[in-house]
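Everything on this sheet refers to the single structure shown next.
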Amino acid sequence: MATPENPPGRAPILLGVNIDHVATLREARGTRYPEPIQAALVAEQAGADAITLHLREDRRHIQDRDVRLLRDILQTRMNLEMAATPEMGRIASEIQPQDCCLVPERREELTTEGGLDVAGQRRTLSDFCALLAEAGVRVSLFIDADPVQLDAAAEVGAPVVEIHTGHYADARTPEARAAELARIRRAVEHGRGLGLQVNAGHGLDYHNVQAVAALPGISELNIGHSIIARAVFSGLADAVREMKAVMLRGAGLPCMLTP
Ligand SMILES: CC(=O)[C@@H](O)[C@H](O)COP(=O)(O)O
Ligand SMILES: NCC(=O)COP(=O)(O)O
């Protein structure tokens with residue numbers, strides 16, 4: 001829809017705020033604070049279009065109670081990240097978040113290291129996507145900027161993909177960063193050509209986000225670590241508002257910050 005913030009010609013670019021690392025701070029001491037619920041509401045009020053949270057098998061940060069409570073409280077949209085396991089399938093089918101993003105997981109990883117190998121597990125993921133679609137959940141697959149994975153995502157019936165931007169974020173030279181951005185651009189074009197909604201995320205921050213937000217065809221960016229890190233110094237509401245403003249500038253859209 002064309003609005004003053006999103007003039008005709010460019011679909012609105014949306015921000016999903018990942019609140020995992022608010023829960024990381026809570027779990028560091030096993031306290032009742034900081035409360036991820038409060039973080040989610042502050043982020044929504046500051047302009048988040050969705051709240052992303054990753055229920056990991058090891059529960060290192062987000063807990064089951066966070067997911068259950070937020071499902072009833074969020075005023076925007078829940079994007080629940082999880083591995084494609086029977087346990088998580090049961091949880092997603094019961095809680096029925098608006099969105100569910102399937103991500104690869106290894107207990108020993110520090111954070112997500114790569115995209116889901118959809119091409120190597122078509123049958124499993126096709127069944128998992130059907131299970132979630134049956135429960136009214138929109139499925140997104142977190143994949144590398146790889147046309148083979150994009151084709152497989154379309155084949156298994158996922159309507160949405162999220163391009164892993166970690167290699168772009170971690171690039172050490174301008175040349176490497178430009179090469180990774182070109183890969184993401186081609187992946188967005190390929191995904192849009194398949195009729196997929198294309199999101200992106202992982203490692204995006206206030207310095208590298210504009211170039212990704214500027215890519216035509218990107219629908220939503222999921223950003224967490226850099227927003228929560230900035231919030232330590234400037235507060236979560238300002239951190240969210242600033243990220244949204246930087247994204248909209250990158251997308252060539254006017255920015256009407258929420259008061
Ligand atoms: C898939 C992804 O890149 C993140 O959304 C994911 O949540 C990272 O895992 P941690 O939040 O545990 O670092
Ligand atoms: N899917 C990416 C996400 O939700 C946040 O990743 P990050 O910004 O915490 O790296």
Side-chain angles (χ1 to χ4, degrees), residues 13-28 34 36 39-40 43 48-63 66-67 70 74 76-85 88 92 97-118 138-145 149 153 158 160-171 180 184 187 197-210 212-213 218-232 236 239-240 242-244 246-247:
I13 185 155
L14 304 177
L15 171 61
V17 174
N18 184 314
I19 60 171
D20 289 352
H21 299 301
V22 175
T24 295
L25 189 52
R26 175 189 62 186
E27 297 307 314
D49 301 291
I51 297 298
T52 294
L53 60 170
H54 186 176
L55 184 65
R56 282 180 169 267
E57 168 268 335
D58 63 11
R59 289 4 182 231
R60 67 179 69 172
H61 41 53
I62 292 293
Q63 304 301 310
D66 302 327
V67 181
L70 278 169
L74 288 184
T76 55
R77 179 166 40 92
M78 176 182 280
N79 175 34
L80 180 59
E81 291 183 333
M82 57 172 54
T85 62
M88 293 299 159
Q98 289 86 351
D99 291 307
C100 182
C101 184
L102 303 181
V103 302
E105 237 181 64
R106 287 185 319 117
R107 178 176 276 244
E108 55 276 16
E109 67 186 3
L110 179 65
T111 185
T112 301
E113 294 168 339
L116 202 59
D117 179 17
V118 183
R138 185 173 63 160
V139 180
S140 172
L141 301 180
F142 187 77
I143 58 173
D144 286 329
Q149 298 299 341
V160 185
V161 292
E162 180 172 328
I163 303 297
H164 181 248
T165 52
H167 304 303
Y168 161 75
D170 295 340
E180 287 300 332
I184 296 168
Q197 174 176 311
V198 184
N199 300 339
H202 195 89
L204 296 177
D205 62 33
Y206 296 82
H207 307 287
N208 66 22
V209 71
Q210 277 206 339
V212 176
I218 285 221
S219 296
E220 179 170 309
L221 300 182
N222 284 298
I223 306 172
H225 186 263
S226 63
I227 291 175
I228 304 307
R230 177 164 288 201
V232 169
L236 181 57
V240 171
E242 287 160 12
M243 181 58 81
K244 191 81 180 278
V246 172
M247 279 171 56

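Along the sequence shown, residues are numbered consecutively beginning with 1. Start at 1 and go down the list; that is how both ligands and their atoms are numbered.
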Distance-minimising heavy-atom pair for Ala43 and Leu236: N-CD2, 4.4 Å

Arg77 (side chain) donor-acceptor with Gly16 (main chain) under 3.5 angstrom: no

Side chain, backbone, both or neither: the part of His54 lying under 4.0 Å from ligand 2 by heavy atom: neither

Gly224 N/O to ligand 2 N/O under 3.5 Å: yes

Close side-chain approach of Asn79 to Ile51, heavy-atom, < 4.5 Å: no

Sub-4.0 Å atoms of ligand 2 with respect to non-hydrogen atoms of Asn18: 3 (C), 4 (O), 5 (C)

Atom 11 (O) of ligand 1 [closest protein heavy-atom partner, distance rounded to 0.1 Å]: Asp20 OD2, 2.5 Å

Derivation of the side chain to side chain donor-acceptor pair (under 3.5 Å) call for Glu162 and His202: CA-CA 9 Å; Glu162 180 172 328; His202 195 89; over 6 Å; no

Part of His225 with heavy atoms under 4.0 Å of ligand 1, whether side chain, backbone, both or neither: neither

Thr111-ligand 1 polar pair, N/O distance under 3.5 Å: yes

Nearest heavy atoms of Ile19 and Pro36, plus distance in Å: CD1-O, 3.6 Å

Ligand 1 contact by Glu162, heavy-atom criterion under 4.0 angstrom: no

Sub-4.0 Å heavy-atom approach of His21 to ligand 1: yes

Close approach of Glu81 to ligand 2, heavy atoms, under 4.0 angstrom: yes

Proximity to ligand 1 by part of His61, non-hydrogen separation under 4.0 Å: side chain

Nearest protein heavy atom with distance in Å, relative to atom 1 (C) of ligand 1: Thr112 OG1, 3.5 Å

Glu81-ligand 1 polar pair, N/O distance under 3.5 Å: yes

Ion pair Asp58/Arg60, N-O distance below 4.0 Å: yes

Numbered atoms of ligand 1 (with element) below 4.0 Å of His54, judged on heavy atoms: 6 (C), 7 (O), 9 (O)

Presence of salt bridge, Asp205 and Arg230, under 4.0 angstrom: no

Met78 side chain reached by Val67 side chain, heavy atoms, under 4.5 Å: yes

Proximal atoms of ligand 2 relative to His225 (non-hydrogen, under 4.0 Å): 7 (P), 8 (O), 9 (O)

N or O contact, His21 vs ligand 2, cut-off under 3.5 Å: no

Within-shell test, Gly203 vs ligand 2, heavy atom, strictly < 4.0 Å: yes

Where Gly201 and Leu204 come nearest, the two heavy atoms and their spacing: CA-CD1, 4.1 Å

Ligand-residue contact atoms, ligand 1 with Val103, heavy atoms, under 4.0 Å: 1 (C)

Region of Asn18 that comes within reach of ligand 1 [heavy atoms, distance under 4.0 Å]: side chain

Side-chain heavy atoms of Thr76 within contact of Asp49, under 4.5 Å: no

Name of the residue among Asn18, Asp99, Thr52 meeting side-chain hydrogen bond (donor to acceptor under 3.5 Å, both in side chains) with Asn222: Thr52

Taking every non-hydrogen atom, the tightest pair across Met247 and Ile13: CE-CG1, 3.9 Å

Side chain, backbone, both or neither: Asn222 near ligand 2, heavy atoms under 4.0 Å: both

Atom 6 (O) of ligand 2 - nearest protein heavy atom and its distance: His202 CA, 3.7 Å

Nearest neighbour in protein (non-hydrogen) for atom 3 (O) of ligand 1: His202 ND1, 2.5 Å

Those atoms of ligand 2 less than 4.0 Å from some heavy atom in Thr52: 4 (O)

Residue, atom name and distance, where the atom is the protein heavy atom closest to atom 2 (C) of ligand 2: Glu162 OE2, 3.3 Å

Minimum-distance pair of heavy atoms, taken over all atoms of Arg138 and Val160: CD-CG2, 3.8 Å

pair Glu27-Arg59: side-chain heavy atoms closer than 4.5 Å: no

Nearest non-hydrogen protein atom, atom 9 (O) of ligand 1: Arg56 NH2, 3.2 Å

